[in-house]
Amino acid sequence: MRRPSSFCPVGPPPAHICTLLLGFSSWRLVSFMLTRLRSWTSPSLKSAALSSSRCSFCGTRLAQSPTATTSDIKGKSVLRPSNSSRSYSTAARLAESIPQAAPFDSPSTLDQFSSALAASNLKATAKHIQNLTPSDRANLSRQTFDSAFSLFADPPDPTVHRRRIAWGNLVYLRELAAERGWTLSDDQNRVMFEVGVDMEENRPQVVPTSETQRVQQRGRHLRELWEEVIHLPRSTGQQLEKDALVLERHRLSGIRHGKTALREAAGLASRARAIVELAFPDPTTIPSLTPDSRRLSRLFSSDRTAALAHLHKMLDVGRVPAVQFMRQQVLEEDGRTDESYDHAREALEAACSNSVAASMALEELHAERLARLDRVAWIEEYPQRAFLLMLSNGPKAPMPNDPTRAEYIFIALRLWEGLVNASYTPATYRLLEDLIHAFLDLPVPPHPSPSPPPALLKAVELISIYLPTPRLVALSHHMLNALTLSYPSVSLSRSFYSTLRTRAPFNSAIPFQWHSNLRDCWVYLVKTTVYSSAPDPQLGLRLYLDWTASGLLPPANSWEFLWRTLGTVAAVEDTERLVQDYERAGKILQPSAASTVIRGAVNSGRLLGSLQLLAFFRERFPGARGGGKIQPHVPLDAFNAVLQFLAESKHDRRIDSLSVFRQLIEDGITPNVTTWNALLASHVFLSTPLIRADLVAAAKVYEHIIQQKKLESNSMTFSLLMHGGLRVATQDPNNDLGLGSATKAFQVATERKVLVRGEQLAMFIKLLGRQGRWEEAKTAGELWWALAALRKHRSTAEKQEETLVRDAGRLLVKWEAQVARSAWMSRKDGQVIEESLLEECSVSFQLERQENAPRTLTS
């Protein structure tokens, strides 16, 4: 049934909010404003607007019933719809955004419309019929209407663009007929339905976003027309076959585009089945299926690989094999013949005519014969099920280059889905479970493919869509073992577990619960939440909660992954719960666990979470602060990770760094050189410009390192000292403090045979070259290369450092030669030359970008 017509009264100009609510585009809004201005300044246009069947504000054609009237209320003409039982929605006239004239074009006359119709001009006819005045629409004859309908139903040169125009105008003509009180003929309803089905068959598989609304509206019209075509009278057998084929095409196009789910497809097929079965009592005679089925029969007897490929193509377009083909194929596979039985009976009667053994043999042979007859009867009654089981078991007589049994099961699963959508016979859920068990019982190859088998992918899809919840839970253990142990797949196992949790939660009547025999599956899923290309720590916590809610304790080999998951989440509440469960199991929390959690929070970039976790472990396990002999549960590497994270922050976190350092000392832990380097980095890695006080603070940290007799400064220490001095020199070239401190740090590092980072050395060489200190710059490069030559193995980062130093040396040579040739130039011109040379050499580490360079202590 159609919805009642929408009602849009004509009101004063403030009612333009109607346009905004309908969400029209900007160009239509401009047209509307111009039309309103013209209609309110011209009396004739104003009266025409009031008497039009369009809404004068939104431009929508009002759905007038045949007995619609207008009355005057307070000086305004208002359209009153009648109480006719057959009224149509306004949305029907907006069903298609067809390329046509705007609704505010000048009105067309009947003569213009008739001329375009006589010339079979599709676009002109569409334009004029959409712009007919109410009086012309009232004077339109039924003969002219039928001619226009025939033109749009069979347009000349039916391209995609023309089919779209034709369909939109057919919808409009259908509504116009309702407005005039006309009834479309049966042939017109059939033709219009066939045009819509043809558009559905030819539209792309993936609909663009701009076309989504149009496709949805066309689908609603097709469903209305489908209801009418179902109930049309059919006088001849030819008309019956034609209607049956159109209904079959409509069903297959819906399956092909994924529009019809199981219930909707079954509902469409069940209502149209009477017509299809009446037209084609034998399904194999349907033209859309017969050629494929005949070819399949030949392929199965000669090339089974090609047969399966052809069957895949049929299923891709929503077709299934004919019932007669499936029945014949199963009977041929079973070897239905009586020759062996007759021969055996004659031989037994001749050899042992009167013996007891002969009688028993005959009885056994007779029982086999009865069982065979029962199977033949079952095959005759359920050929689809028999064919699917035959595919899952594989051929009894294999041929060379036959497909594997897994490939047979995959096509059987696809065919099961096709039969369900086609609804020729009901395919039971038990049959689907048998097909899945047939695949799960296959031996696992010693070296399985990294990607899951297609049969397993299809099994997961069908289980999630079609199986009821009780059967899904019953099959879940086998599927989890296959997805995690036999054919490990991170994405597929997570998707299946999410389906279980959604459809069978703990508070449901039949919930999914973990069992001890699924221990390895659970550990695999927990492991993938940490070590995979797509880590999901929240999933790890949900897995832990589900496992413990099932009354099970986590395995010993899973705690390492759980600690890492906690660090990534960085939630104190979850950490406290897991620690309590760990201790209730009679286990003692080790310092390595606390370190794993804290370093996990640091690696995931959670600064506040890492500080909160550090405070939690220190308060729960006081260690040396209580005067006892218990070792601290927050080891030194966890403190160092937090300090380095604070130093690399974009904000000034030196107060937090000192606080963490004091906590380290309170716990009785002796800091190492990495700890002091993190404190040193907090002073030279500031995002704000460095000042003298920052360099002094960094120098004090270095003095503490010197005072520790057991500590030795490493490459990172001197690189950080040079970095701070070079930043000051870059900010203020006239200040010798920065370059002087960097020079002193490099000299001390060279004396101790410590190789500083190439990034800082390249910057150091450039600054010396800018000030004309060529010899010092060359000496620094030579000393660095002498120490670098002592390295036996070079990492990728070290090779990049050598490239930076080499580029800086080349730039230095060019600068020196340029200055020597241009000594007469002013200093300003020399600076311009230096800048141009710097760009030509394309040095990767430029002085101008030093403030925005990435800062890290781990490179």
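What you are looking at is a predicted structure, and each value in this text was computed from that prediction instead of being measured.
- For Glu712, the CD atom counts as loosely surrounded, since its 6.0 Å shell holds 12 or fewer non-hydrogen atoms of other residues, nucleotides or ligands.
- A distance of 7.0 Å separates CG of Leu308 from CD of Glu407, quoted to the nearest 0.5 Å.
- Arg501 forms a cation-pi arrangement with Phe506, by the criterion of a distance under 6.0 Å to the ring centre and an angle within 45° of the ring axis.
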Point to revise | Stepwise side-chain contact (heavy atoms from CB on, under 4.5 Å) test for Leu611 and Val660 | key: CA-CA 9 Å; Leu611 294 176; Val660 172; 4.1 Å; yes
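- With rounding to the nearest 0.5 Å, the separation of OG in Ser493 from OH in Tyr524 is 5.0 Å.
- Residues Thr675 and Asn672 have side chains that bring a donor and an acceptor to within less than 3.5 angstrom of each other.
- Rounded to the nearest 0.5 angstrom, Glu759 CD and Met722 CE are separated by 11.0 Å.
- Residues Arg653 and Leu607 have side chains in contact (heavy-atom distance under 4.5 Å, counting atoms from C-beta outward).
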Practice item. May I have the step-by-step check of salt bridge (Lys or Arg N to Asp or Glu O under 4.0 Å) for Asp581 and Arg584, ending in yes or no? Key: CA-CA 5 Å; Asp581 293 346; Arg584 289 195 192 101; 2.8 Å; yes
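- The aromatic ring centres of Trp676 and Phe661 sit less than 6.0 Å apart.
- Distance alone, capped at 3.5 Å, places no donor-acceptor pair between the Ser659 side chain and the Ile655 backbone.
- Looking only at side-chain heavy atoms (C-beta outward), Thr688 and Asp652 stay at 4.5 Å or farther from each other.
- Of the candidates Thr674, Asn677, Val602, Thr674 is the only one forming a side chain to side chain contact (heavy atoms under 4.5 Å, CB included) with Gln644.
- Between the side chain of Thr305 and the main chain of Asn401, a donor-acceptor pair closer than 3.5 Å is present.
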Practice item. Could you give me the CA-CA distance, side-chain angles and deciding distance for Leu614 and Phe639, then say whether side-chain contact (heavy atoms from CB on, under 4.5 Å) is met? Key: CA-CA 8 Å; Leu614 180 64; Phe639 278 103; 3.8 Å; yes
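- Side-chain atoms of Asp536 and Thr529 include no donor-acceptor pair closer than 3.5 Å.
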Practice item. Decide yes or no on salt bridge (Lys or Arg N to Asp or Glu O under 4.0 Å) for Lys458 and Glu461, but give the supporting numbers first. Key: CA-CA 5 Å; Lys458 197 64 181 178; Glu461 178 187 351; 3.4 Å; yes
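- With Ser550 contributing its side chain and Leu552 its backbone, the two residues share no donor-acceptor pair below 3.5 Å.
- Remark: Asp546 does not engage Arg542 in a salt bridge, criterion side-chain N to carboxylate O under 4.0 Å.
- A 4.5 Å side-chain heavy-atom check between Gln538 and Val569 finds at least one atom pair inside the cut-off.
- Annotation: side chain of Leu315 is in contact with side chain of Ile411 (closest heavy-atom distance under 4.5 Å).
- For the atom pair CZ of Arg503 and CZ of Phe512, the computed distance is 13.5 Å after rounding to the nearest 0.5 Å.
- Contact annotation: the side chain of Leu432 approaches that of Leu413 to within less than 4.5 Å [non-hydrogen atoms, C-beta and beyond].
- Contact annotation: the side chain of Pro635 never approaches that of Ile669 to less than 4.5 Å [non-hydrogen atoms, C-beta and beyond].
- There is a side-chain donor-acceptor pair under 3.5 Å between Arg599 and Ser595.
- From Leu456, atom CG reaches atom CZ of Phe410 across 11.0 Å, with rounding to the nearest 0.5 Å.
- Looking only at side-chain heavy atoms (C-beta outward), Phe496 and Leu472 come within less than 4.5 Å of each other.
- The two residues Tyr408 and Gly394 come nearest to each other via the heavy atoms CD1-CA, 4.4 Å.
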Exercise for review: Step by step, work out the side-chain contact (heavy atoms from CB on, under 4.5 Å) result for Ser558 and Trp522.
Suggested key: CA-CA 9 Å; Ser558 65; Trp522 183 82; 3.5 Å; yes
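- The shortest distance between side-chain heavy atoms of Val754 and Leu787 does not fall below 4.5 Å.
- Remark: side-chain polar atoms of Ser649 are not paired, donor with acceptor, to backbone N or O of Leu646 under 3.5 angstrom.
- At least one donor-acceptor pair closer than 3.5 Å links the side chain of Arg606 to the backbone N or O of Thr568.
- The minimum heavy-atom distance between Ala571 and Thr575, with the atom names listed, is O-OG1, 2.8 Å.
- Of all heavy-atom pairs spanning Thr528 and Arg494, the tightest one is O-NH2, 2.7 Å.
- With hydrogens and angles ignored, the 3.5 Å screen pairs a side-chain donor or acceptor of Ser715 with a backbone N or O of Leu755.
- Separating the CD atom in Glu433 from the NE2 atom in His437 is a distance of 6.0 Å, to the nearest 0.5 Å.
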Practice item. Determine, stepwise, if the pair Leu462 / Leu467 fulfils side-chain contact (heavy atoms from CB on, under 4.5 Å). Key: CA-CA 7 Å; Leu462 296 180; Leu467 274 191; over 6 Å; no
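- Panel note: side chain Thr548, backbone Tyr544; a donor-acceptor pair is recorded below 3.5 Å.
- With hydrogens and angles ignored, the 3.5 Å screen pairs a side-chain donor or acceptor of Arg405 with a backbone N or O of Ser392.
- Between the side chains of Asn714 and Thr717, at least one donor-acceptor pair of N or O atoms lies under 3.5 Å.
- Remark: the backbone N or O of Leu492 is not paired with any side-chain donor or acceptor of Ser495 at under 3.5 angstrom.
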